K.L.:
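Pasting a structure here, questions to come.
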Amino acid sequence: MKAFDKNYHPPGTPPGTLIAHHEHDDDYTVRLWGYDNNALQEVLCTDIEQTQTIKTDTNAVTWLDISGLHDPETIRHLGALNKIHPLALEDLLNHGQRPKIDHLDNYVFIILNLPKLVDEEIIIEQISLFASQGKIISLCQSDGAIFEPVRERLRQQLGRLRHNDASYLLYVLIDTVIDAAFPVLENLSDSIETLEENILQNPDKSQMHTLHRLKRDLLLLRKTLWPQREVLNQLLRDEIDVLNPAHRLYFNDCHDHVIQIIDLIETYREMLNGLLDLYLSSLNNRMNDIMRVLTIIATIFIPLTFLV
């Protein structure tokens, strides 16, 4: 498991300051999408400035799809072009933010956590979303592969995506991020079942290391995914101009998925606590068997030793 590290500014740093916390490169991807029911425009931009020179249909939904951007100057330029608050830009650069939703001027700013499995390790990636009337801006911490199914749905005109407004696109992006937790939890479920079988058959010290690793993984998921329930609660509870009331049912479905994920995490934690008790019981039973054998041996040889 890879620790979920939060980036901090030095104490006393002015709010809204953009500082690079690690080495970065210019290998980021910017796609500009403009679509409606009849047409789709996809442009792979070479820089942030190009997103302003390309104009989409005023009646179309605009999606600025950005992946792998870590350069403070480029982020500052992105904020100037789209009138994004400096505090929101600071959160974009300082990865490791707690999931939240902020109402800033004429748009909504949402931060979500995306769990991924990389070489059997759980990695948490920050996903940032800006939603305004007719426009969505998404920023993925890494390569943005999580949204590739959404891009294909646009290209192939699958489902309802091309027939709805930006509010529905926001739902699709949020739903994609939230549902990414299910494959991770399924992998953990398989590991827990395997561990249980091994403990029942032949308990040893290596299984204790596995058990503690799984408990750390579940603790990480609980810490990073639990706040997303409150994000969905606010989306459903607050009056947000950029959200279409007709899509409230879809966001409610996202909320249901968050509750399912939290329930699974709590269930798996309880199962691991039960496996710890099972492991200790198995060791005690093995120790009792060994002591029984030693007692029998001692009962046989002690009289012979006494006679000798």
Side-chain angles (χ1 to χ4, degrees), residues 2-9 16-34 41-54 62-82 84-100 107 109-119 121-131 135-155 169-170 172-181 183-184 220 224 228:
K2 203 169 187 177
F4 185 77
D5 297 326
K6 170 74 169 63
N7 296 324
Y8 292 96
H9 288 336
T17 302
L18 302 183
I19 299 176
H21 297 279
H22 52 78
E23 293 185 1
H24 61 85
D25 52 35
D26 296 327
D27 188 22
Y28 62 91
T29 304
V30 180
R31 291 184 177 90
L32 181 64
W33 302 80
Q41 183 180 12
E42 177 186 358
V43 180
L44 185 61
C45 303
T46 56
D47 54 43
I48 295 296
E49 183 68 35
Q50 191 179 358
T51 63
Q52 300 298 310
T53 60
I54 299 173
T62 301
W63 176 23
L64 185 55
D65 178 14
I66 305 175
S67 305
L69 178 57
H70 306 287
D71 178 26
E73 289 301 321
T74 306
I75 291 178
R76 186 178 292 109
H77 191 43
L78 172 69
L81 292 175
N82 295 276
I84 299 175
H85 196 281
L87 290 179
L89 297 177
E90 184 179 355
D91 289 341
L92 291 181
L93 191 60
N94 296 347
H95 299 144
Q97 300 292 326
R98 189 174 188 270
K100 65 175 183 177
Y107 57 87
F109 176 42
I110 300 173
I111 289 180
L112 298 173
N113 284 329
L114 171 69
K116 301 190 300 183
L117 276 175
V118 179
D119 297 330
E121 292 186 349
I122 295 180
I123 308 296
I124 303 297
E125 176 183 344
Q126 178 174 308
I127 304 294
S128 304
L129 302 171
F130 294 90
K135 185 175 184 179
I136 302 293
I137 302 176
S138 66
L139 295 101
C140 299
Q141 183 178 337
S142 63
D143 57 5
I146 183 64
F147 291 146
E148 189 58 33
V150 181
R151 301 181 188 111
E152 283 301 314
R153 287 165 64 180
L154 286 174
R155 297 181 183 116
L169 173 61
L170 178 64
V172 171
L173 297 179
I174 293 176
D175 183 65
T176 302
V177 174
I178 289 176
D179 287 353
V184 177
L220 172 67
T224 55
Q228 296 188 162

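It should be emphasised that the depicted structure is a prediction, and the values quoted were computed from it without experimental measurement.
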K.L.:
How far apart are the C-alpha atoms of Lys116 and Ser142, what are their side-chain angles, what is the distance that settles it, and do they pass the side-chain contact (heavy atoms from CB on, under 4.5 Å) test?
P.N.:
CA-CA 11 Å; Lys116 301 190 300 183; Ser142 63; 3.3 Å; yes
K.L.:
Rounded to the nearest 0.5 Å, what separates atom CD1 in Ile124 from atom NE2 in His95?
P.N.:
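Ile124 atom CD1 to His95 atom NE2 measures 14.0 Å (nearest 0.5 Å).
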K.L.:
Using side-chain hydrogen bond (donor to acceptor under 3.5 Å, both in side chains) as the criterion, list what pairs up with Arg155, not counting sequence neighbours.
P.N.:
Glu42, Glu148, Glu152
K.L.:
Measure from the side-chain N and O atoms of His85 to the backbone N and O of Gly79, and report whether any donor-acceptor pair falls under 3.5 Å.
P.N.:
no
K.L.:
Parallel, tilted or perpendicular: which fits the ring planes of Phe147 and Trp63, with parallel below 30° and perpendicular above 60°?
P.N.:
perpendicular
K.L.:
Between Leu173 and Ile127, is any pair of side-chain heavy atoms under 4.5 Å apart?
P.N.:
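No, every pair of side-chain atoms sits at 4.5 Å or beyond.
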K.L.:
Run through Leu89, Ile84, Ile66 and flag the one making a side-chain contact (heavy atoms from CB on, under 4.5 Å) with Ile75.
P.N.:
Leu89
K.L.:
May I ask you to test the Leu44-Thr29 pair for a side-chain heavy-atom distance under 4.5 Å?
P.N.:
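A side-chain contact under 4.5 Å exists here.
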K.L.:
In the structure I gave you, are the side-chain heavy atoms of Val177 and Leu129 within less than 4.5 Å of one another anywhere?
P.N.:
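A side-chain contact under 4.5 Å is absent here.
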K.L.:
Is there a side-chain contact between Leu64 and Thr62 (heavy atoms, below 4.5 Å)?
P.N.:
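Contact flag for Leu64/Thr62 side chains = no.
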K.L.:
Going by heavy atoms in the side chains, are Arg151 and Leu154 under 4.5 Å from each other?
P.N.:
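Counting from C-beta outward, Arg151 and Leu154 never come under 4.5 Å.
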K.L.:
Could you tell me if the side chain of Leu69 sits less than 4.5 Å from the side chain of Leu92, heavy atoms only?
P.N.:
no
K.L.:
For Thr176, check side-chain hydrogen bond (donor to acceptor under 3.5 Å, both in side chains) against everything at least two apart and list the hits.
P.N.:
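Not a single residue meets the side-chain hydrogen bond (donor to acceptor under 3.5 Å, both in side chains) criterion with Thr176.
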K.L.:
Taking the side chain as every heavy atom from C-beta outward, state whether Tyr28 and Ile48 have any atom pair closer than 4.5 Å.
P.N.:
yes
K.L.:
Take Leu117 and Ile122, measure what side-chain contact (heavy atoms from CB on, under 4.5 Å) needs, and give me the verdict at the end.
P.N.:
CA-CA 5 Å; Leu117 276 175; Ile122 295 180; 3.9 Å; yes
K.L.:
For His77, give me all partners under side-chain hydrogen bond (donor to acceptor under 3.5 Å, both in side chains), at least two apart in sequence or on another chain.
P.N.:
Glu49
K.L.:
Answer yes or no: is there a side-chain heavy-atom contact under 4.5 Å between Ser67 and Asp143?
P.N.:
no
K.L.:
Test of understanding: with side-chain hydrogen bond (donor to acceptor under 3.5 Å, both in side chains), list the residues that count as partners of Asp179, not counting sequence neighbours.
P.N.:
His257
K.L.:
Go through the structure and list residues passing salt bridge (charged side-chain N to carboxylate O under 4.0 Å, His left out) with Lys100, not counting sequence neighbours.
P.N.:
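By the salt bridge (charged side-chain N to carboxylate O under 4.0 Å, His left out) rule, Lys100 matches Asp91, Asp102.
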K.L.:
Taking only residues two or more places apart in sequence or in another chain, which ones pass ring pair (Phe, Tyr, Trp, His ring centres under 6.0 Å) with Phe109?
P.N.:
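Ring pair (Phe, Tyr, Trp, His ring centres under 6.0 Å) list for Phe109, sorted by chain: Phe130.
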K.L.:
Is the side chain of Glu125 donor-acceptor paired with the backbone N or O of Gln141 at a distance under 3.5 Å, no angle test?
P.N.:
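Answer holds: yes.
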